[in-house]
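Notes follow the structure.
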Amino acid sequence: MSATTTPLTTPATAPAATPAASAIAWGEAFCSEGANCFRFGLDAEGKAYIGTTESAAYVTDSIDALRALISAVKAGAADHLLA
């Protein structure tokens with residue numbers, strides 16, 4: 001996955017076009033303790049996005065990569081971060 005606030009410029013990883021934040025259909029934010037909010041989004045081409053409500057930055061990859069990330073987190077791959 002790659003994090004970005006502007007279009008990527010690395011030729012090997014640059015997509016044909018990076019959508020503006022307004023072209024991403026963001027879902028309702030998931031918040032904890034009232035301030036730590038994350039949101040998921042999709043663009044017209046079916047690319048998946050993860051962002052926060054406090055920043056224009058986001059992480060983007062394929063829907064399959066997002067599905068694998070969520071499955072790994074559910075299986076405990078990130079539990080060590082919660083200790």
Side-chain angles (χ1 to χ4, degrees):
M1 292 190 169
S2 59
T4 185
T5 55
T6 59
L8 299 174
T9 57
T10 307
T13 61
T18 300
S22 61
I24 301 168
W26 292 106
E28 188 173 333
F30 298 92
C31 300
S32 66
E33 300 176 17
N36 303 316
C37 300
F38 290 89
R39 58 191 178 158
F40 296 98
L42 292 173
D43 67 13
E45 296 177 8
K47 202 162 200 177
Y49 297 82
I50 303 172
T52 67
T53 56
E54 297 179 8
S55 172
Y58 53 80
V59 178
T60 183
D61 210 324
S62 68
I63 291 175
D64 289 335
L66 177 60
R67 186 176 290 118
L69 171 66
I70 291 170
S71 294
V73 170
K74 283 181 164 182
D79 286 356
H80 66 285
L81 300 173
L82 303 174

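Sorted by first and then second residue, the pairs that involve residues 63-77 and meet side-chain hydrogen bond (donor to acceptor under 3.5 Å, both in side chains), not counting sequence neighbours, are Asp64-Arg67.
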Original post:
What do the steps show when you test Asp61 against Leu69 for side chain to side chain contact (heavy atoms under 4.5 Å, CB included), and what is the final call?
Top reply: CA-CA 10 Å; Asp61 210 324; Leu69 171 66; over 6 Å; no

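Taking both residues in full, the closest heavy atoms of Tyr58 and Trp26 are given as CB-CH2, 4.1 Å, listed atom of the first, atom of the second, then distance. In plain terms, the two heavy atoms of Thr52 and Arg39 that are nearest each other are O-NE, 3.4 Å.
The distance from atom CD of Glu28 to atom SG of Cys37, rounded to the nearest 0.5 Å, is 10.0 Å.
Considering Ile63, Leu66, Ile24 in turn, Ile63 is the only one that fulfils the side chain to side chain contact (heavy atoms under 4.5 Å, CB included) rule with Leu42.
The side chain to side chain donor-acceptor pair (under 3.5 Å) search around Asp79 returns none, not counting sequence neighbours.
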